[in-house]
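Within every chain, numbering begins at 1; the chains are lettered A, B, ... in the order of the sequence lines, protein sequences first and strands thereafter. As a basis for the values below, the full set of heavy atoms in this structure was taken, side chains included, without hydrogen atoms, waters or symmetry mates.
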There are 2 protein chains.
Amino acid sequence: MEQPIGVIDSGVGGLTVAKELMRQLPKEEFIYLGDTLRCPYGSRTKDEVRRFTWQMVNFLGQYDIKMLVVACNTATAFVLPELKAHLNIPVVGVIQPGARAAIKTSRNRKIGVIGTEGTISSKAYPNVLKDIHSEIEVYSLACPRLVPMVEQGILSGPEAEHIVDESLKPLQHIDEMDTLILGCTHYPLLKPVIQKVLGNQVTIISSGEETAREVSTILAYGNLLFHGERKPNHKLFTTGNLALFQHIANNWFGYKIPHIKSIRL
Amino acid sequence: MEQPIGVIDSGVGGLTVAKELMRQLPKEEFIYLGDTLRCPYGSRTKDEVRRFTWQMVNFLGQYDIKMLVVACNTATAFVLPELKAHLNIPVVGVIQPGARAAIKTSRNRKIGVIGTEGTISSKAYPNVLKDIHSEIEVYSLACPRLVPMVEQGILSGPEAEHIVDESLKPLQHIDEMDTLILGCTHYPLLKPVIQKVLGNQVTIISSGEETAREVSTILAYGNLLFHGERKPNHKLFTTGNLALFQHIANNWFGYKIPHIKSIRL
């Protein structure tokens, strides 16, 4: 199927998911919308997150998308069931793929999750994990300092290590935890620092990679894959500052995306 | 949904998939049928594999299964599209999950695949890989000596290392290959030996783990997961020698499966 896949996020974090989607599904076309203007969603109320998410979905309606990826953990935690119930295309969030990957990876069923305050307080990860496997022990931790850090471009070096070390303190005494889910799409950019702080005995799961993998699975099982040859014409939209968004997107993708525009919702 | 999930295989190899399914989906109930009598399928004609596979599927018909897992690479390569077209339940093979996991894992898009003669000559892996990503280079190798070795219980030690080393010779000079798909459900039992022979720079993908992960994904997206609490009552069937099958199953699972029976197709 030729139609594009829609990707929505609260800001730039979901670009890590979009990048993985483009890497694992290079024939598919993506339309990304980041609500940079109202980012972060992590500390907003459920009602606000719901309203903003639906505004984004309605904007994507004009592109006849064949699938919707909610590349934001907070929006997934609060709005996914509602989106699935109301839209007649497959809707994939970032929480279930990370949870399933952690179940596959963990050998002792002791799994940590870090995320924004909204994601952690929603208990979405423990709910999904325990629904599949009752005996899993989940260690959840909100890390509110990490998103602003990434947005400021502090991704490595002593300052990054110091903030990550302080943020992860409560998890560092849990010896048996063998798997950690990065429950926020900003965090993969800090993966090397997080790995250094926690040590190599912990396997780190990036929701972006795992979500892309599941998007690929669901496209295949739903006969929705594009089978021809083409150079996809991706489109990126932001509700915020265009120059800043362009700078971050081009920087993270490693090349210049031709179609980036600013829109109002 | 309470109904069980059917798993079919040419023999005992698919038990590695069943074990992963039970580990990742401990609330689900599985019915496994291994056609041990006519194993291996790897060197049989497409018509034979088709006929045997349909006989197994028809046997499972009496159990009202909610999903079918084809835990045999050869049967997946030859019969999956036909099964999907004719059955009104989701049908999951072992080839696509391994291929998608390799795409996720590989950083340089140079992927090796080992399997039986049937699986390799069917070109099923290169077809799936290239359908998703045209630029992937696939190095395929039939390893006919490995299945008999596993069936004889030679899983480690000098003899195992010698046979694996000889079998993998054609792949060992390909320096850039960063990912190897074990395209046969027997091979995960040789994973430590294969890893030793190829070195740690190669990531090894076990179809069993990846198939279980995708079964979990597809159950969730199809609203087919069992959500309650229960101790599942798995059933195992073999077309061959019962005592031998029981010995291997109990040995691989690490505990005694109560319900194992011998049947005729």
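Salt bridge present: B:E214 and A:R213 bring a charged side-chain N and a carboxylate O closer than 4.0 Å. Between A:K104 and B:E210 a salt bridge is recorded (basic side-chain N to carboxylate O distance below 4.0 Å).
Pairing each heavy atom of B:S106 with each of A:R23, the nearest pair is O-NH1, 3.0 Å. Across all their heavy atoms, B:S216 and A:I132 have their closest contact at OG-CD1, 4.2 Å.
Heavy-atom distances place the side chain of B:Q96, and not its backbone, under 4.5 Å from chain A. For a residue to count as touching a neighbouring chain, one of its non-hydrogen atoms must lie under 4.5 Å from one of that chain's; by this rule A:I218 touches chain B with the side chain only. Only the backbone of B:V91 comes within contact range of chain A, with heavy atoms under 4.5 Å apart. Contact of A:E20 with chain B is made through the side chain alone, with heavy-atom distances under 4.5 Å. Residue B:E135 does not touch chain A at all, counting heavy-atom pairs closer than 4.5 Å.
With B:K27 contributing its side chain and A:D131 its backbone, the two residues share a donor-acceptor pair below 3.5 Å.
Comparing A:A212, A:A220, A:A101 by how many heavy-atom pairs each has under 4.5 Å with chain B, the most go to A:A101. Contact count versus chain B (heavy atoms, under 4.5 Å) is highest, among A:L25, A:V92, A:L225, for A:V92.
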